[in-house]
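See below for the structure under consideration.
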Amino acid sequence: MYNSIDATLEKLNDRQREAVQITEGPLLVVAGAGSGKTRMLTVRIAYLIECCHVDPSEILAVTFTNKAAKEMKERVAGLVPDASGVTLTTFHSFCCMLLRRWSKYAGFEKGFTIYDESDSEKLMKNCLKELKFDTKTFPPKFCLEAISKAKNELIGPESYLENCNHGVGPTDIAIQKAYESYQAALFKNQAVDFDDLIFKAFYMLNNNTELLNRLQNEYKYFLVDEYQDTNQAQYRLIRMLSSKTRNLCVVGDEDQSIYSWRGATIRNIQEFAKDFEGAKVVKLEQNYRSTQIILDAASDVISHNNSVHPKRLWTDKEGGELIKYYRAIDDREESNWIVSQIKKLMDSGRSPGDIALLFRMNSLTRTTEQALQRERIPYEVTGGTKFFDRREVKDILAYLRVIDNPSDSISLERIINTPKRGIGAAAIDKLYEKGSKNLWDGVALEGSEKSNSKVGSFFKQMISFMEAASELKVHELCKHIIDEIEYFEYLKKDDPETYEDRKTNVESLVSDIRYQELDNPDLKLHDYLASVALHADADDVDEKSHKVHLMTFHNAKGLEFPVVFMVAMEEKIFPHSRSEDSPEELEEERRLAYVGITRAKELLYMTAASKRMMFGQFNSNLTSRFISEVPKELRDDIKTGYASGGMTSRYGSESSGKIYSFSNKTSPFGTRPKSSSGSPFTFSAQTKWASSTKPKETIKDDTEPGTMVNLKEGVTVIHNVFGHGKVMSVSGASLDDFKVTINFERVGTKTLLLQYASVRVIK
DNA sequence: TGAATCGATGTTTTT
DNA sequence: CATCGATTCA
């Protein structure tokens with residue numbers, strides 16, 4: 001066994017080997033994109049077991065997604081014979097496990113239900129109603145955001161106000177009240193939200209020395225992946241756990257920090273050396289993924305941020321293809337161009353599975369999906385409307401959740417009248433009263449008093465499900481419920497149009513349970529429900545599939561593809577409009593762009609559209625600054641072929657002369673589920689389309705940005721309509737979208753298309 | 001109670 | 001544009 005580890009070590013570069021072999025004490029590994037960090041981490045675990053004789057059960061490794069955990073587990077298993085004892089999971093799953101194991105210490109009566117965002121929102125709405133707060137001035141989302149932020153900093157409702165470091169205002173007082181009431185409601189429901197998992201696990205250990213000691217003795221070696229994405233609570237938790245042995249190895253890259261909006265704080269990585277005295281630092285800078293051109297582009301883009309430790313990735317793969325930039329007329333044409341390029345790539349022998357299309361938002365995928373369907377190119381969307389968020393799936397899950405935890409009033413509210421039982425809002429209110437604010441108690445009381453009433457038969461049915469739950473496997477129970485409540489009949493009656501799709505989704509849910517029961521024959525209902533709650537979209541990206549991958553930049557983190565298209569690279573989309581006024585958020589957008597670029601191994605495309613259908617109308621946006629930040633020597637700018645014909649006829653023939661005719665509900669795309677993940681949820685592509693699209697030839701053009709040398713930020717100009725003004729900013733990557741934002745003395749700030757604007761520089 | 005309709009409203013990223 | 005919510009009517 002030593003031999004195999006020795007051989008594995010030899011394949012690492014010096015830095016990686018160093019990171020593996022510094023096993024004792026705090027260690028920060030700064031791991032640039034594609035620098036073989038997963039390899040280093042897995043070898044490190046193997047090395048600990050094989051060479052340092054660490055018992056696998058003494059190792060705790062925390063990753064960001066379930067998928068990363070699973071992958072690492074498999075890779076470690078390939079290196080050492082028995083790695084199954086290693087605890088390798090996500091922060092949330094780990095905390096969930098702790099809370100389950102010692103639920104009494106955490107203050108639960110028995111189990112607990114994990115609420116997702118929409119559950120939390122409903123609960124918060126109820127709380128605000130109770131408090132008689134106006135949901136216009138205090139939207140549930142807004143309150144939840146503030147509360148989430150507090151929880152991520154380990155601030156409970158009782159200390160909320162003293163931690164308002166900007167001084168307490170009326171809003172803070174309201175939030176504090178909402179926070180208190182929300183926590184009380186969660187407790188009443190025996191439920192937790194995502195943030196609670198970490199928060200409660202932290203305080204459970206913090207308040208229970210014995211338990212903490214026990215865990216500190218149980219785990220001796222700690223690894224944290226994606227350290228730049230940890231929040232304060234996660235950092236404090238891992239610090240507490242590791243404080244005894246201090247064998248903490250964290251791996252991260254500031255430049256890939258893209259979750260600050262979720263409470264992640266870059267300070268954790270920046271202050272690591274201060275937080276953990278005597279910490280060693282190892283930098284991995286050799287990149288094994290991308291060509292030099294791609295790396296240069298990435299470095300140039302990220303260099304516009306003020307990075308604390310600037311680093312330069314390097315590779316021995318010199319040169320590479322230039323980054324292709326295409327600006328389309330509109331989003332449809334953009335999609336068509338992308339698809340024509342994909343077809344070319346496929347003709348030259350690429351698998352569709354080598355290709356990824358990355359978007360800033362999930363909603364942006366639609367046009368491209370249609371183009372791919374038309375050409376019958378297999379593709380797979382990750383993210384968007386999650387499978388488990390679909391109405392019909394949530395309905396069935398809600399039944400399971402109530403069976404598992406009847407205190408969960410949010411789920412109970414959902415199913416009490418689904419299918420229709422004639423128990424409406426007024427009746428529900430009464431039941432809440434009857435059960436002294438506990439819906440299930442109300443149902444039980446009413447149900448036993450009047451067993452023949454509507455509520456009575458519902459109650460009886462639920463009791464029978466609960467009894468069945470102890471005898472049936474989870475998937476059998478699920479099927480039993482679907483039959484008993486005549487759910488499919490309800491779906492058909494509710495909306496015949498979508499019936500088939502919904503039925504399929506419900507069946508997929510049963511398959512999913514069954515699938516999990518194959519792996520784990522003793523699957524408990526609440527474990528299944530927890531796995532659903534902690535499931536992430538990114539968990540089921542199948543990189544080995546032979547389908548084009550469509551996903552957000554966020555979901556692409558940690559993945560790599562031979563060919564990457566960065567789609568819809570326009571200002572207001574990417575960087576997102578809401579990040580414009582905050583330099584910090586803008587930097588985060590730039591890091592996101594950096595993540596996108598560094599996903600590509602060989603070929604990188606960036607596309608934009610001059611106008612785009614959004615929210616029902618056309619919008620025109622400037623080309624993203626992230627394109628201009630790639631030096632022109634690294635780019636191959638391709639001019640749109642619209643002006644020289646090529647596209648016009650095709651649009652014309654397809655939509656009887658109207659250039660833009662957008663499909664609506666009657667389109668052959670129907671109501672296909674938007675998102676679907678790896679097995680067992682797959683949907684087949686539509687085959688109704690019969691059309692072949694000739695790939696459009698593209699016309700090279702040497703137009704470059706920066707030709708208007710004297711027109712730059714700060715100069716004063718005169719416009720023949722608006723008069724004098726000062727140039728605020730100039731943007732755009734080619735002549736036809738070169739735009740200038742000018743603050744005019746008379747009419748204020750305007751953004752003009754330079755092509756048409758008659759401005760003269762006067763100073 | 002429930003269906004239907006109108007209107008506002010909100011649209012990032014997600015463990 | 002689509003979804004959601006409140007309001008209205010049967």
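In what follows, chains are A, B, ... by sequence order, proteins preceding strands, each numbered from 1. Computed from a prediction, not measured in an experiment: that's the story for all the values here.
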Query - Positional range of nucleotides in DNA chain B within the contact set of chain A, heavy-atom, under 4.0 Å - result: B:dT1 to B:dT15
Requested in this report: Give me the ring orientation class for A:Phe626 and A:Phe574: parallel if the planes are under 30° apart, tilted from 30 to 60°, perpendicular past 60°.
Outcome: perpendicular
Query raised in the report: What orientation do A:Phe133 and A:Phe138 show, parallel under 30°, tilted 30 to 60°, or perpendicular over 60°?
Result: tilted
Scan [X] against the nucleic acid and name what it touches under 4.0 Å (heavy atoms): base, sugar-phosphate only, or nothing.
X        : answer
A:Phe91  : nothing
A:Ala425 : nothing
A:Asp229 : nothing
A:Glu117 : base
A:Lys557 : nothing

Query raised in the report: Quick one: on DNA chain B, does A:Ala426 or A:Met361 contact a more 5' nucleotide (nearest heavy atom)?
Result: A:Ala426
Query raised in the report: More 5' along DNA chain B: A:His576 or A:Ala427, using each one's nearest nucleotide?
Result: A:Ala427
Query - Under 3.5 Å side-chain donor-acceptor pair for A:Ser93 and A:Thr90 - result: yes
Query raised in the report: Do the side-chain N and O atoms of A:Lys394 and A:Ser411 include a donor-acceptor pair separated by under 3.5 angstrom?
Result: no
Query raised in the report: So which of A:Arg360, A:His576, A:Arg625 actually passes side-chain hydrogen bond (donor to acceptor under 3.5 Å, both in side chains) with A:Glu589?
Result: A:Arg360
Report summary line: Tested for side-chain hydrogen bond (donor to acceptor under 3.5 Å, both in side chains) against A:Thr230, the lone hit among A:Asn152, A:Asn268, A:Thr265 is A:Asn268
Query raised in the report: With side chains defined as the heavy atoms from C-beta onward, is the minimum distance between A:Val548 and A:Glu380 less than 4.5 Å?
Result: no
**Report entry** Flag side-chain contact, heavy atom, 4.5 Å: A:Tyr259 against A:Phe64
**Finding:** yes
Please list each protein N or O that sits under 3.5 Å from an N or O in nucleotides 6-10 of chain C, with the distance.
none

Query raised in the report: What distance, rounded to whole Å, do you find between the two P atoms, one in B:dT13 and one in C:dC4?
Result: 15 Å
Requested in this report: Whole angstrom is fine here: how far is it from CG in A:Leu364 over to P in C:dC1?
Outcome: 17 Å
Query raised in the report: Nearest-Å distance, CG (A:Asp389) to C1' (C:dT3)?
Result: 15 Å
Query - DNA chain B contacts made by residues 408-421 of chain A, counting heavy atoms under 4.0 Å - result: A:Asn417, A:Lys420
Requested in this report: Determine, for A:Glu254 against A:Arg591, whether the closest basic-nitrogen to carboxylate-oxygen distance falls under 4.0 angstrom.
Outcome: no
Query - A:Glu489, CD atom: more than 12 neighbouring heavy atoms under 6.0 Å - result: yes
Report summary line: Which of A:Leu431, A:Thr418, A:Asn126 passes side chain to side chain contact (heavy atoms under 4.5 Å, CB included) with A:Glu413? Answer is A:Asn126
